[in-house]
*Asks:* 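Here it is: the structure, laid out below.
Keep in mind that what you see is a predicted model, and the values were worked out from it rather than measured. Order of appearance sets the numbers: ligands from 1, and atoms from 1 within every ligand.
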Amino acid sequence: MRTLFIAGNWKMNLSKDESCKLGEQLRDAVGDAGDVRVAVCPPFVFLDPLGALLDGSPVAIGAQNMHPEIGGAFTGEVSGSMLKDVGCEYVIIGHSERRHVFGETEDFIAAKVTRALADGLKPIVCVGETLAQRESSETQQIVCRQVESALNGVDNDAMSLITIAYEPVWAIGTGRTAAPEQAEEVHAIIRSLISDLFDSGVADNVVIQYGGSVKPDNATDLLSRENVDGALVGGASLKAETFIPIIESARSIMQMGQQ
Ligand code: PGA
């Protein structure tokens with residue numbers, strides 16, 4: 001059965017009080033999430049209180065990043081086992097802001113994916129082309145290279161723990177969403193690549209989220225596409241009024257599919 005997975009990436013936003021209040025609102029509103037998976041990814045410093053607050057609820061928590069080493073002299077960094085310690089189930093890896101603002105390389109991202117799995121975390125691996133790459137018809141090549149490289153050390157069994165988030169860089173935080181047809185086209189390409197790299201069973205089951213200006217008014221259209229299995233939501237995940245309707249859209253789609 002198809003799963004829809006809605007995750008909120010809070011980035012470097014909200015205070016501790018605001019984070020906890022939003023966590024409470026989500027916990028109360030999501031109640032029984034049914035067949036929709038929900039997670040929030042607050043900044044590192046709020047993972048611990050959010051983990052405690054959401055413990056036992058259907059809202060999971062994830063981190064926005066991690067370091068690929070087990071531990072040691074890496075000032076300012078956080079390891080996968082530390083994330084696990086505070087209740088993280090997921091970790092976002094290779095977000096475009098990490099790639100483009102912080103210069104993370106594909107090898108570094110692949111090392112994080114391997115370490116996250118070893119530490120018992122479920123990676124949400126982000127991929128996506130820039131506007132210049134799309135305009136020069138390089139989308140497929142770039143996205144496929146990013147997926148293949150990030151999954152280099154992952155075997156068939158571990159693929160059940162991986163989520164891929166297709167996030168065109170030009171759609172992130174810009175209010176410019178990919179048309180559902182554009183998202184669907186790239187998602188289908190990613191699924192076919194996963195089939196080539198692993199097998200068709202792995203490809204059928206891998207969750208491929210779309211990210212980039214997902215809002216309540218475009219969520220249903222995006223999430224209804226055959227190969228769109230969820231959303232990684234930035235700006236609209238910072239308020240209950242905009243995040244909860246996206247979760248509800250996913251729930252309605254699941255319910256309609258089951259009728
Ligand atoms: P956005 O961010 O929804 O604000 O565009 C998405 C993301 O960066 O994950």
Side-chain angles (χ1 to χ4, degrees), residues 4-14 18-19 22 26 36-44 46-47 50 59-66 88-104 109 112-113 116 121-131 133-134 139 142-143 146-147 150 162-180 182-183 186-187 190 207-223 225 228-250:
L4 288 174
F5 177 25
I6 309 296
N9 174 11
W10 293 356
K11 307 193 181 181
M12 196 171 74
N13 291 298
L14 305 179
E18 288 165 341
S19 296
L22 180 53
L26 295 174
V36 177
R37 268 199 278 156
V38 179
V40 289
C41 303
F44 285 138
F46 304 142
L47 286 169
L50 259 296
V59 183
I61 60 161
Q64 299 172 17
N65 185 29
M66 60 175 277
C88 280
E89 183 172 343
Y90 297 96
V91 57
I92 298 173
I93 295 179
H95 189 277
S96 78
E97 285 143 24
R98 300 301 317 172
R99 293 177 191 262
H100 298 292
V101 182
F102 298 99
E104 292 192 2
I109 289 163
K112 291 185 195 209
V113 172
L121 294 162
K122 297 176 183 163
I124 301 174
V125 179
C126 301
V127 298
E129 80 289 0
T130 63
L131 186 58
Q133 289 163 339
R134 174 161 281 265
T139 299
I142 295 292
V143 168
Q146 289 175 344
V147 170
I162 298 272
T163 296
I164 311 263
Y166 168 57
E167 299 203 303
V169 179
W170 48 272
I172 295 177
T174 58
R176 190 176 160 188
T177 321
Q182 288 176 311
V186 179
H187 282 228
I190 294 172
V207 173
I208 309 176
Q209 294 176 318
Y210 168 79
S213 299
V214 177
K215 307 274 182 253
D217 62 2
N218 59 25
T220 301
D221 207 0
L222 285 159
L223 294 170
R225 302 292 149 153
V228 179
D229 308 317
L232 183 55
V233 186
S237 72
L238 296 173
K239 287 193 177 128
E241 308 88 88
T242 44
F243 195 43
I244 291 167
I246 295 172
I247 298 167
E248 280 167 355
S249 292

*Asks:* Could you list which atoms of ligand 1 come closer than 4.0 Å to a heavy atom of Asn9?
*Replies:* 9 (O)

*Asks:* Say whether Ser213 and ligand 1 are in contact under the criterion: heavy-atom distance to a ligand atom below 4.0 Å.
*Replies:* yes

*Asks:* Where do Leu22 and Phe46 land on the side chain to side chain contact (heavy atoms under 4.5 Å, CB included) test, with the steps shown first?
*Replies:* CA-CA 12 Å; Leu22 180 53; Phe46 304 142; over 6 Å; no

*Asks:* Do any N or O atoms from the side chain of Thr163 and from the backbone of Val207 form a donor-acceptor pair under 3.5 angstrom?
*Replies:* no

*Asks:* Would you call the rings of Tyr210 and His187 parallel, tilted or perpendicular if under 30° counts as parallel and over 60° as perpendicular?
*Replies:* tilted

*Asks:* For the residue pair Arg176 and Leu131, establish whether any side-chain heavy-atom pair is separated by less than 4.5 Å.
*Replies:* yes

*Asks:* Using a 4.0 Å cut-off to any heavy atom of Glu167, which atoms of ligand 1 qualify?
*Replies:* 6 (C), 7 (C), 8 (O), 9 (O)

*Asks:* Mind running side chain to side chain contact (heavy atoms under 4.5 Å, CB included) on Phe44 and Asn65 for me, showing each step along the way?
*Replies:* CA-CA 9 Å; Phe44 285 138; Asn65 185 29; 4.2 Å; yes

*Asks:* Under 4.0 angstrom from ligand 1, any heavy atom of Gly173?
*Replies:* yes

*Asks:* Please determine which of His95, Arg99, Lys112 meets the side-chain hydrogen bond (donor to acceptor under 3.5 Å, both in side chains) test together with Glu104.
*Replies:* Lys112

*Asks:* Suppose we screen for side-chain hydrogen bond (donor to acceptor under 3.5 Å, both in side chains). Which residues come up paired with Glu248, at least two apart in sequence or across chains?
*Replies:* none

*Asks:* Does Lys215 have a non-hydrogen atom less than 4.0 Å from ligand 1?
*Replies:* no

*Asks:* Between Glu97 and ligand 1, does any nitrogen or oxygen pair lie at a separation below 3.5 Å?
*Replies:* no

*Asks:* Using a 4.0 Å heavy-atom cut-off, which part of Ser237 comes near ligand 1: side chain, backbone, both, or neither?
*Replies:* neither

*Asks:* Would you check the N or O atoms of Gly234, main chain and side chain alike, for any that come under 3.5 Å of an N or O of ligand 1?
*Replies:* yes

*Asks:* Verify side chain to side chain contact (heavy atoms under 4.5 Å, CB included) between Phe243 and Val40, making sure each step is shown before the conclusion.
*Replies:* CA-CA 10 Å; Phe243 195 43; Val40 289; 4.0 Å; yes

*Asks:* Looking at Lys11, which atoms of ligand 1 are within less than 4.0 Å of one of its heavy atoms?
*Replies:* 2 (O), 7 (C), 8 (O)

*Asks:* Are the side chains of Val214 and Ile6 in contact, using a 4.5 Å heavy-atom criterion?
*Replies:* no

*Asks:* May I ask you to list the atoms of ligand 1 that are less than 4.0 angstrom from any heavy atom of Gly235?
*Replies:* 1 (P), 3 (O), 4 (O)

*Asks:* Near His95, which atoms of ligand 1 are under 4.0 Å from a heavy atom of that residue?
*Replies:* 7 (C), 8 (O), 9 (O)

*Asks:* Take every heavy atom of Ser96, measure it against each atom of ligand 1, and state whether any distance is under 4.0 Å.
*Replies:* no

*Asks:* If you count the atoms of ligand 1 from 1 in the order shown, which ones are under 4.0 Å from a heavy atom of Ala171?
*Replies:* 5 (O)

*Asks:* With heavy-atom distances below 4.0 Å as the criterion, list the atoms of ligand 1 near Gly212.
*Replies:* 5 (O)

